[in-house]
Protein chains: 2
Amino acid sequence: MKWDIASHRDDKPAGRIRQKNEDIIIAAAEAEFAHNGFKGATMNNIAQRADLPKSNIHYYFKNKLQLYIEVLTNIIDLWDNALNDLDGDAEPGDALRAYITEKMRFSYEYPLASKVFAKEILSGAPRLAEYFNDDYQDWFNSKTHVFRRWAEQGKIDPVEPAHIVFLLWSSTQHYSDFEVQISAALGKKKLNKKDFEEATDVLCKIVIRGLGVKED
Amino acid sequence: MKWDIASHRDDKPAGRIRQKNEDIIIAAAEAEFAHNGFKGATMNNIAQRADLPKSNIHYYFKNKLQLYIEVLTNIIDLWDNALNDLDGDAEPGDALRAYITEKMRFSYEYPLASKVFAKEILSGAPRLAEYFNDDYQDWFNSKTHVFRRWAEQGKIDPVEPAHIVFLLWSSTQHYSDFEVQISAALGKKKLNKKDFEEATDVLCKIVIRGLGVKED
DNA sequence: GTCTATAGCCGGATAGAC
DNA sequence: GTCTATCCGGCTATAGAC
């Protein structure tokens, strides 16, 4: 793992009850951190969301920071493991459509994860300093590589790949991070699956055409 | 004004000292709220950033919420007054280029404003409920109108205008809100003006081409 | 393993001296 | 108009009963 903050969870036997309670607490913490950020979140609120006594949280997690790190680690692991990269062997149009669709599905299914991460970065990412180290740059370069190759092969226009990646990230995450604003703009109470699919269509169309992909 | 929360500042004479101190405090508060969010921010930190004793803050602003509302109001006023809409009379390519350029300049010049607003929305916007009312939907519809007209005139492809607006918002704000992640990805300490200009170019190119604008 | 009680600190807010 | 001193509530964290 790129980001190796030691976790006390590895030290103790993972009993059935322990595992279950830790999962409940992490889910509750994720919601609380998404709403109030690291500093604004309280162990009290987390306990209430988890429907457990407050000191129970302290029994399973050393302190607030530790719990927060666990939540962030969970989120990053989820994305790293479940989100497929752009498929460099496929045609650009197909690969981009698949990638955008998948990112939008993540925005729809894990809105809290995206929000916790976003708030941490907005705060200047003081608790992710280790994560955003030199390795991160290498990891990022591996993401841009596919665009460079497509450009060399004349399959897309030659535009700076880094900014393409930022565009893909920003436009897709926006639908989970700014959902409140978007639904207010659309006059809806909440966005549903169809809204996300419509957005996915528009994004695919604009990005694929915008990059100059030759479609059949 | 669309969003009419009464301010105590209107009630008192705006002396020279008062005006100056309030400006200092609001700037300090903006930075503090950007870093720690509403709940996480402390009056103590704001006082330190403003280099004033804590109770001075309470003298000028009734309480933390009031101060926060003032900061948010300032931000929204700034955007409403200084950000031009898309020019429907111009050619789509020119209008879009002008709009994207201006939004990116705002991201570069007022990164804190964008962050405070973003955090509020990520939190579910409980302190902007009044702002995101029915009027907001009308205001938003006036933004999408220009795309509808261009589509009717055959000047751009017929794609759902709302999602075009969201794409413009998300892709430009991303550079100020997620600056830490972006600079880490690019291996820089901080983004400079040239980075923003490069990003502007890429965004203009992809969006204009992606919407099927006929360029000369 | 679980919960109550509480220590100890820090937060927002105010009273009142200057 | 400015600042010191302070109240009180809520916060993290822990000690210790069960």
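The chains referred to below are lettered A, B, ... by the order of the sequence lines, with proteins before strands, and numbering in each begins at 1.
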- request: Grab the two heavy atoms, one from A/Pro111 and one from A/Ser176, that are nearest each other, plus how far apart they are.
  value: CA-CB, 4.0 Å
Shortest side-chain distance from B/Ile17, nucleotide among D/dT12, C/dG1, D/dT2: D/dT2
message: What's B/Thr42 touching, base or sugar-phosphate or nothing? Going by heavy atoms closer than 4.0 Å.
response: sugar-phosphate
- prompt: How close or far is atom P of D/dA15 from atom OH of A/Tyr59, stated in whole angstroms?
  reply: 15 Å
query: Quick one: A/Tyr60 OH to C/dT2 C1', roughly how many Å, whole number?
result: 8 Å
- prompt: For B/Glu70 and B/Ile26, which heavy atoms make the closest approach, and how far apart are they?
  reply: CB-CD1, 4.1 Å
query: Do B/Lys193 and B/Glu197 meet the salt-bridge criterion of a basic N to acidic O distance under 4.0 Å?
result: no
- prompt: Heavy atoms, side chains only, cut-off 4.5 Å: are B/Ser123 and A/Lys119 in contact?
  reply: yes
Closest-nucleotide 5' rank along DNA chain D - winner of A/Ser55 and A/Asn45: A/Asn45
task: Give the rounded distance in Å between these two atoms: CD of B/Glu22 and P of D/dG1.
output: 9 Å
- prompt: Quick one: B/His58 NE2 to C/dA15 P, roughly how many Å, whole number?
  reply: 12 Å
For atom NZ of B/Lys20 and atom P of D/dG1, their distance in whole Å: 13 Å
- request: Under 4.0 Å between any heavy atoms, over every strand shown, what does B/Ala41 touch: base, sugar-phosphate, or nothing? Just pick one.
  value: sugar-phosphate
- prompt: Taking CD1 from B/Ile57 and P from D/dT4, how many angstroms apart are they, rounded to a whole number?
  reply: 13 Å
task: Report the distance from atom CE of B/Met43 to atom C1' of D/dC3, rounded to the nearest whole Å.
output: 15 Å
- prompt: Given atom CG of A/Leu67 and atom P of D/dA13, what is their separation to the nearest angstrom?
  reply: 10 Å
field: Minimum side-chain heavy-atom gap B/Thr172-B/Tyr99 below 4.5 Å
entry: no
task: Answer yes or no: does a side-chain N or O of A/Asn44 lie under 4.0 Å from OP1 or OP2 of D/dC11?
output: yes
- request: Give a yes/no answer on whether the side chain of A/Asn21 brings an N or O atom under 4.0 Å of OP1 or OP2 in C/dT2.
  value: yes
query: Hey, is the side chain of B/Asn56 poking within less than 4.0 Å of OP1 or OP2 on D/dT4, counting only N and O atoms?
result: no
